[in-house]
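Basis for what follows: all heavy atoms, side chains included, without hydrogens, waters or symmetry-related copies. By convention in this document, chain letters (A, B, ...) are assigned in the order of the sequence lines, proteins followed by strands, and residues within each chain are numbered from 1.
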Amino acid sequence: MEKRVVFRSSWLPYLLVAPQIAITVVFFFWPAFQAVFYSFFLQDAFGTQSQFVGLANFAELFRSESYLNSIRVTAVFSTLVTVMGLAVALALAVAADGILRGALAYKTLLIWPYAVASAVAGVLFAFLFAPSVGIISYVLRGMGVDWNWVLRGEQAMLLVVIATVWKQISYNFLFFLAGLQAIPRSLIEAAAIDGAGPVRRFWTIVFPLLSPTTFFLLVVNIVHAFFDTFGVIDATTQGGPAGATQILVYKVYYDGVKAADLGGSSAQSVVLMAIVIALTVVQFRYIERRVQY
Amino acid sequence: MADISLHAVTKRFGDNEVLHPLDVAIGDGEFVVMVGPSGCGKSTLLRIIAGLEEATTGEVRIGGRRVNEVEPKDRNIAMVFQNYALYPHMSVRDNMAYGLKIRKLPSAEIDARVERAAGILELGPYLARKPRELSGGQRQRVAMGRAIVREPAAFLFDEPLSNLDAKLRVQMRLEIQKLHRSLGTTSVFVTHDQVEAMTLADRMLVMNAGTVEQVGAPLTVYDDPASTFVAGFIGSPAMNLVPGRRVGDGVEVGSGLEFPLPEALRSTARAAVTVGVRPEHLVVSSAGSVAGPALAFRVDSVESLGADSLLHGSAAGASFVVRVDGHQAPQPGASLTLSPKPGRVYFFDTPSGRRLAG
Amino acid sequence: MVENRPVLRFIHHLTLIAGVVAVAFPLYVTFIASTHSLESILSVPMPLLPGDQLWANYSQVLTAGSTRGAQAPVGAMMWNSLVMALAIALGKIAISLISAFAIIYFRFPLRNFFFWMIFVTLMLPVEVRIIPTFKVVSDLGMLDSYVGLTLPLIASATATFLFRQFFMTIPDELVEAARIDGAGPLRFFWDVVVPLSKTSMAALFVIQFIYGWNQYLWPLLITTDEKMYTVVIGIKRMIVGGDALTEWNLVMATAMLALIPPALVVILMQKWFVKGLVETEK
């Protein structure tokens, strides 16, 4: 789409885009370029000498058991976050769509976790589930569960998943609710007249019509789980115990900042960039397709 | 006030020439309507006059001055848009005053002009309102007010009535007429509606596919259409246009219905001739009493419009529409004898569509 | 609803209430913990009714911070968070508005190139270029400064897209009318585009304020001086490791302070918030 009429000026448009382009070049393109550049070099511990090593950093990365583990952890984490987050939010959205009164109040009470920083969400859940003093840990112990996520990897994973899902529910809920409310009432009524009960209507009419929203949220939640959960992890498990919750983003940070492995961290950055580009392409395809509806 | 003239103006979008070379001269104070179907280039032509589009070639003059290189704001024109194009966040008063403020007129002068325009357009009570609080007709009036306060050399109207309902359209048509009578400003009005063109124009420009088919006063165009396109476009319902064959000194239509060619046209008419008769120019006669061609017409269906009725049917295998008095309409299935009013049969060269001239 | 089914409606309400409780429970516990002394929290199970230490805890963190972890006052941290959130939100709106205006209302060489440059930033979240971006900021001497905290985050493809999308819906005739009225591009921008964009700006402001307030990784990297901590970083720094060592009462009071401003923004500006969320994802 293009405007029919445009203004003419040989310098004004450049001036107007200059701030954004300048920031983009200095803080996005240049660092991204450097990440790619460094990923081909090996630096010594003091950062004084570097040596071109070609794809050796990448090769080492994919041989490294801890990186492969991080990939597995990320896959499990993002799958759990996405599936649980979508299922819970869909149930709540369907309920909110199905009531006559009070929908706005419920909505208000359900959306505020979006405003909570993921690091703060992490702290909240770290406290609730704190092995010795946490109130939920206490309840779990009462039920005979040996709860200690500081030592047990699968419990640590569960903790970060719950904290992430809690924070992400409001977002998914809002989009599902908007999607549900966009379904024409007449379709539901037609199905009701055809004799379909509420459950059948949901699975045969509502759910298929909701699929664009679901697909969109699927992609967004995966992206979120990949990149926006750094705070949750850092505030709770810090990747532990023994790498059980070390997702890729956390590992880039850990190897680059804590372990000062510039080449390895840069190679990881490049891999992550490839993943974002792939996800963006998927998202973009989706948007294109949605335009055709 | 000013005259407007276009010399050999063309417009090309890429490889597509949407306006073929055309010359138009609009006199000072004249109300000219450019009418044609959508895509005929009439709006593009108006936008070239306004300066919102550039002519690919040719020259545009307003008041004798070449304006091709002049910005719209410096052409001393005002424009009224189909969708009103009011600034949604400004009050009626601010909408009208905006152009004057930019021109840095003294605020007393601005107020006086806005009050005067509001008075003419009966917008006084609405000056403080926002456009969304107005009806369609009122919005259109604000758009006109915005044009009036500028006191421009020319008004350009781009389908200003198309977004209004039928009743309002008639009312606004009359108001525009009245306005033009009192202000006398040169006006160019673009529409696809031939009724608007007929009622408003001093002269109309009938356009088709990027060319001007005919220029003339509305009744002249109605009485003497220059082509089958104009004949079919001006007048409602459209003129009956039936392709026929040259046979001796006449034209045969359908099976054996013959229209005699006037003597002056006999030398120019070629083998394929289209015969045109307006529905209102076919009269019901009793068989045998007709001097010219007699059409044995069989009524297929009847549309009652109240004052008139339209009869759809056929004669000699060709379809015709006939306009009769509303209360004297026959039943479907009836047979009538029709004859065209003398001098009201038009002959066109079928391949070119041009009217045959002596 | 299509038919009246009390049982179904009851289930719906039940689901929603369960959801609201599950969502609110962590917040409730946080609040309770922020009103007790450390001793009463550490007594397992911790109390579930408010205590009497509310004033003591909050005034302690606001003016002095924790005693075992970060010792900067949370009041100053909240100021830093506010500066960061406002600078990011307003900065993003400003630079995106003008760049979108240039891209929509002008034709100029490199226009598409610039557009794609901005688009590509979608694919470069800070998380994937941590170390080099840190280096750039460090080389520019921006560590531990507001400029370093905010400037690298204010280039935003989503905001530019949102405004671009919105400008597309402004009828062409409005520009034409403005041009005939004699308005040049800047005049049109101030008199028409900016006022018309107000709702989009408000929606974007809500989203970006929350985004700015909740930044974690970036301030974590570039602030080493306690004076520059944002409140989100401050909380993390108060956790000293080991359940019993952390002053949970103070941490929870700080958490409340950290989440109240953005939560209020979401709840009070709910309409803009929802609009902003939906539209930035187009």
Side-chain angles (χ1 to χ4, degrees), chain A residues 1 3-7 12-13 16-17 19-21 23-24 27-28 30-32 34-35 91-92 95-96 98-99 106 108-110 112-117 119-120 123-124 127-128 130-133 135 138 174 188-189 192 198 227 230-231 235 249 252-253 256 265 269 272-273 276-277 280, chain C residues 2-3 8-9 12-13 15-16 19-20 23 26 29-30 42 44-46 95 98-99 101-102 104-108 114 117-118 121-125 127-133 136 152 155 168 172 175-176 185 210 214 216-217 232 235-236 243-244 248 255 258-259 262-263 266-267 274 277:
Chain A
M1 266 212 322
K3 286 280 177 193
R4 196 168 58 198
V5 187
V6 292
F7 291 107
L12 187 57
L16 293 173
V17 295
Q20 179 147 27
I21 295 298
I23 292 172
T24 304
F27 297 111
F28 284 76
W30 179 239
Q34 284 193 314
L92 290 171
I99 59 170
Y106 285 124
T108 308
L109 290 171
L110 283 170
W112 61 267
Y114 181 86
V116 179
V120 175
V123 171
L124 259 53
F127 176 61
L128 284 175
S132 59
V133 303
I135 182 85
Y138 169 78
L174 273 177
I188 315 279
E189 285 161 358
F227 299 105
F230 177 85
V249 166
V252 178
Y253 165 81
S265 172
S269 285
L272 278 177
M273 274 186 236
V276 192
I277 290 169
T280 311
Chain C
V2 177
E3 65 265 90
L8 192 65
R9 210 151 61 221
H12 284 156
H13 278 286
T15 310
L16 286 166
V20 168
V23 159
V29 173
T30 302
L42 293 183
V44 180
M46 66 168 273
I95 70 165
I98 58 176
S99 61
F101 180 73
I104 291 293
Y105 284 104
F106 289 90
R107 296 277 172 285
F108 52 101
F114 287 147
M117 263 174 100
I118 294 169
T121 59
L122 275 183
M123 305 182 193
L124 299 171
E127 286 79 2
V128 310
R129 51 188 168 82
I130 296 171
I131 309 303
T133 315
V136 168
M168 288 299 199
D172 282 353
V175 197
E176 299 178 345
I210 295 167
N214 288 345
Y216 182 70
L217 174 57
V232 177
I235 296 176
K236 172 66 176 54
D243 281 6
W248 285 110
L259 63 77
V266 164
I267 289 168
V274 174
L277 262 196

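When each of A:S269, A:P113, A:A35, A:A32 is scored by its heavy-atom pairs under 4.5 Å with chain C, the top score falls to A:S269. Most heavy-atom pairs under 4.5 Å with chain A: of the set C:I131, C:V23, C:T30, this distinction falls to C:V23. Note on C:P262, C:G19, C:P26: by heavy-atom pairs under 4.5 Å with chain A, the leading option is C:P26. Of the listed residues (A:V252, A:I277, A:V249), the greatest number of heavy-atom pairs within a distance under 4.5 Å of chain C belongs to A:I277. The candidate with the highest count of non-hydrogen atom pairs below 4.5 Å against chain A, out of C:A102, C:S99, C:A258, is C:S99.
No side-chain heavy atom of A:L128 sits under 4.5 Å from any side-chain heavy atom of A:L124. Looking at heavy atoms from C-beta onward, A:P19 lies in side-chain contact with C:I98 at the 4.5 angstrom threshold. Under the 4.5 Å side-chain criterion, counting only non-hydrogen atoms from C-beta, A:I99 is in contact with A:Y106.
Only the side chain of C:V175 comes within less than 4.5 Å of a heavy atom in chain A; its backbone stays farther off. Of the atoms belonging to C:T121, heavy atoms from both backbone and side chain fall under 4.5 Å from chain A. The part of C:V136 that comes within reach of chain A is its side chain, from C-beta onward, which places non-hydrogen atoms under 4.5 angstrom from that chain. With a 4.5 angstrom heavy-atom cutoff, A:S265 touches chain C only via side-chain atoms. Only the side chain of C:I210 comes within contact range of chain A, with heavy atoms under 4.5 Å apart. Using a 4.5 Å cut-off between heavy atoms, C:A263 touches chain A through backbone and side chain atoms alike. Heavy atoms closer than 4.5 Å to chain C are found in both the backbone and the side chain of A:L109. For C:L16, the parts lying under 4.5 angstrom from a heavy atom of chain A are both the backbone and the side chain. With a 4.5 Å cut-off on non-hydrogen atoms, A:L12 touches chain C through its side chain but not through its backbone.
In plain terms, the two heavy atoms of A:P31 and C:T133 that are nearest each other are CB-OG1, 3.4 Å. Residues A:A91 and C:T15 come closest through the heavy atom pair O-CG2, 4.2 Å. Taking each heavy atom of C:N214 and A:A115 in turn, the nearest pair found is ND2-O, 3.0 Å.
Ring-plane geometry between C:Y105 and C:F101 is classed as tilted, the angle between the planes lying from 30 to 60 degrees on a 0 to 90 degree scale. Using cut-offs of 30° and 60° for the angle between ring planes, the C:W248 and A:F127 rings count as tilted.
Open room surrounds OH on A:Y138; 12 or fewer heavy atoms of other groups in view lie less than 6.0 Å from it.
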